[in-house]
Amino acid sequence: MDARDRILSKLRRTQRPFSDIQPILQRRHMIPQRDLSLPEQLQLFIDEAEAVGCFVYQLDQNAALEQIMELIGDDRSVLSWDESQIPFDGLHGMLKSLGVTVARPDDSDVRVGITGVNAALAATGSIIVESGAGRQRSASLLPAVHIALMRAEQILPDLETWQGAQKQAGYPAFTKSSNTTVITGPSKTADIAHQLVKGAHGPREVHIMILGSARLEE
């Protein structure tokens, strides 16, 4: 038996620590849940997202296109998820008609990225973005401005609710996606001299556009 086998043998014979701890049957939510109606949950998401520095809009598709073009400004290209992955019919064609093309996913010079979202969390104002086929992670990481398109129906109460849904579905966000990111506001850090710097590890602006009617009905 060589040294490696002796070490592994000792590890296998070692008693497992904390063997008397009972399994967790009911997990507590990090943020206490509130019994909210759907409009109240929508408003909570908006309030929390704005509190962490996001810009949030409730728009129909026409108004959303105007807002997107305003954010694009004089740029002639954007990064974007495939049209099938964002809740905006014909967006790429509309952008092209206005002189804006979709750049290669690895183009680091593009200033604006457009994505959908896979879920949104009311308790923290977070959006969850899963990378995969047609959902390039660069669109939400490389550009300075991230535009996230979503619908109010995608809002869940909190992270634990999302985790519970993932568990029931077999964790597709981790088994079928190359990367899953919970985005809470723009990228920022205060590691150096406690000076807040935005855009340290990703976009310095996050614009969330909730598409559909002006208000979600109960």
Q: Can you establish whether the number of heavy atoms outside Asp74 located under 6.0 Å from its atom CG is more than 12?
A: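 Open: at most 12 neighbouring heavy atoms sit under 6.0 Å from CG of Asp74.
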
Q: To the nearest 0.5 angstrom, please state how far the CG atom of Leu211 sits from the CD atom of Glu153.
A: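 Rounded to the nearest 0.5 Å, the CG-CD separation comes to 10.5 Å.
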
Q: Could you check if a side-chain atom of Ile208 sits within less than 4.5 angstrom of a side-chain atom of Met150, using non-hydrogen atoms only?
A: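 With C-beta onward as the side chain, the pair touches.
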
Q: For residues Asn62 and Glu66, is any side-chain donor paired with an opposing acceptor at under 3.5 Å?
A: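 Checked: Asn62/Glu66 side chains show no N/O donor-acceptor pair below 3.5 Å.
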
Q: Can you give me every donor-acceptor pair (side chain of residues 114-124, partner residue at least two apart or in another chain, under 3.5 Å) with its distance?
A:
| from | atom 1 | to | atom 2 | distance (Å) |
| --- | --- | --- | --- | --- |
| Thr115 | OG1 | His146 | NE2 | 2.8 |
| Asn118 | OD1 | Glu130 | N | 2.7 |
| Thr124 | OG1 | Ser126 | OG | 2.7 |

Q: Mark yes or no for whether Gln166, through its side chain, and Gln163, through its backbone, hold a donor-acceptor pair below 3.5 Å.
A: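 It does not hold such a pair.
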
Q: Taking side chain as C-beta onward, heavy atoms only, is Ile128 less than 4.5 Å from Leu156?
A: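 Counting from C-beta outward, Ile128 and Leu156 never come under 4.5 Å.
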
Q: Test of understanding: with side chain to side chain contact (heavy atoms under 4.5 Å, CB included), list the residues that count as partners of Arg12, not counting sequence neighbours.
A: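 Here the qualifying residues are Leu8.
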
Q: Please enumerate all residues that pass side chain to side chain donor-acceptor pair (under 3.5 Å) together with Tyr57, with sequence neighbours excluded.
A: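 Applying side chain to side chain donor-acceptor pair (under 3.5 Å) to Tyr57 gives His207.
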
Q: Nearest 0.5 Å, what's the CG-CD1 distance between Leu95 and Ile68?
A: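 It is 6.5 Å, given to the nearest 0.5 Å.
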
Q: Run Gln85 and Gln136 through side chain to side chain contact (heavy atoms under 4.5 Å, CB included) and show every step you take.
A: CA-CA 10 Å; Gln85 303 297 324; Gln136 302 86 347; over 6 Å; no

Q: Who passes side chain to side chain contact (heavy atoms under 4.5 Å, CB included) against Arg76, sequence neighbours left out?
A: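 Once residues adjacent in sequence are excluded, the partners of Arg76 under the side chain to side chain contact (heavy atoms under 4.5 Å, CB included) criterion are Val100.
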
Q: With sequence neighbours left out, what residues match Thr181 under side chain to side chain donor-acceptor pair (under 3.5 Å)?
A: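 Testing Thr181 for side chain to side chain donor-acceptor pair (under 3.5 Å), a comparison that skips the adjacent residues, returns Asn179.
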
Q: Is there a side-chain contact between Ser178 and Arg137 (heavy atoms, below 4.5 Å)?
A: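 Ser178 vs Arg137: side chains touch.
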
Q: Do Leu36 and Gln43 touch side chain to side chain, with heavy atoms closer than 4.5 Å?
A: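 With C-beta onward as the side chain, the pair stays apart.
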
Q: To the nearest 0.5 Å, how far apart are SG in Cys54 and CD1 in Ile183?
A: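 Answer for the SG-CD1 pair, Cys54 versus Ile183, is 8.5 Å.
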
Q: What pair of heavy atoms forms the shortest contact from Leu59 to Ala64, and how long is it?
A: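 Where Leu59 meets Ala64 most closely, the heavy atoms are CD1-CA, 3.6 Å.
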
Q: Who are the side chain to side chain contact (heavy atoms under 4.5 Å, CB included) partners of Arg6, not counting sequence neighbours?
A: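 Met1, Ala3.
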
Q: Is a side-chain donor or acceptor of Ser187 paired with a backbone partner of Pro203 at a separation under 3.5 angstrom?
A: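 Not confirmed, Ser187 side chain does not pair with Pro203 backbone.
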
Q: Quick one: does Lys188's side chain have a donor or acceptor within less than 3.5 Å of a partner on Pro186's backbone?
A: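 Answer holds: yes.
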
Q: If you measure from CD on Glu48 to OG1 on Thr184, what distance do you get to the nearest 0.5 Å?
A: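 That separation rounds to 10.0 Å.
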
Q: Could you check whether any side-chain heavy atom of Ser177 comes within less than 4.5 Å of a side-chain heavy atom of Ser131, counting everything from C-beta outward?
A: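 No; the side chains remain at least 4.5 Å from each other.
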
Q: How would you list, by chain and number, every residue that makes a side chain to side chain donor-acceptor pair (under 3.5 Å) with Thr101, sequence neighbours excluded?
A: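 Residues passing side chain to side chain donor-acceptor pair (under 3.5 Å) with Thr101: none at all.
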
Q: Which residue pairs satisfy the ring pair (Phe, Tyr, Trp, His ring centres under 6.0 Å) criterion with at least one member in residues 71-112, sequence neighbours excluded?
A: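 Found none.
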
Q: Working to the nearest 0.5 angstrom, can you tell me the gap between Ile86 CD1 and Arg135 CZ?
A: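 Spacing of CD1 (Ile86) from CZ (Arg135) equals 12.5 Å.
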
Q: Report yes if some heavy atom in the side chain of Ile147 is under 4.5 Å from a heavy atom in the side chain of Leu71; otherwise report no.
A: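 Yes, at least one pair of side-chain atoms sits under 4.5 Å.
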
Q: Using atom types as modelled and distance alone, determine if a side-chain donor or acceptor of Glu50 lies under 3.5 Å from a backbone N or O of Phe55.
A: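 Not a single qualifying donor-acceptor pair exists.
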
Q: Under the 3.5 angstrom rule, does the side chain of Thr161 hit a backbone N or O of Pro157 as a donor-acceptor pair?
A: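 Judged by distance alone, no pair lies under 3.5 Å.
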
Q: Which ILVMFWY residues can you reach from Ile31 by hopping between side chains whose heavy atoms are under 4.5 Å apart?
A: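 Result for Ile31 is none, singleton.
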
Q: Quick one: side chain to side chain donor-acceptor pair (under 3.5 Å) partners of Gln33, sequence neighbours excluded?
A: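 By the side chain to side chain donor-acceptor pair (under 3.5 Å) rule, Gln33 matches His29.
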
Q: Kindly state each residue pair satisfying salt bridge (Lys or Arg N to Asp or Glu O under 4.0 Å) with at least one member in residues 84-112, sequence neighbours excluded.
A: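 The answer is Asp75-Arg111, Arg104-Asp106.
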
Q: Hey, what else clusters with Leu79 if you join Ile, Leu, Val, Met, Phe, Trp, Tyr whenever side-chain heavy atoms sit under 4.5 Å?
A: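 Grouped by the 4.5 Å side-chain rule, Val110, Leu142 form the rest of the cluster around Leu79.
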
Q: Under 4.5 Å between any side-chain heavy atoms of Glu160 and Met30, yes or no?
A: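 The answer is yes, as the side chains (C-beta and beyond) meet within the 4.5 Å cut-off.
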
Q: Just so I know, are the side chains of Ile210 and Leu42 near enough to count as touching, which here means a heavy-atom distance under 4.5 Å?
A: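 Yes, side chains in contact.
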
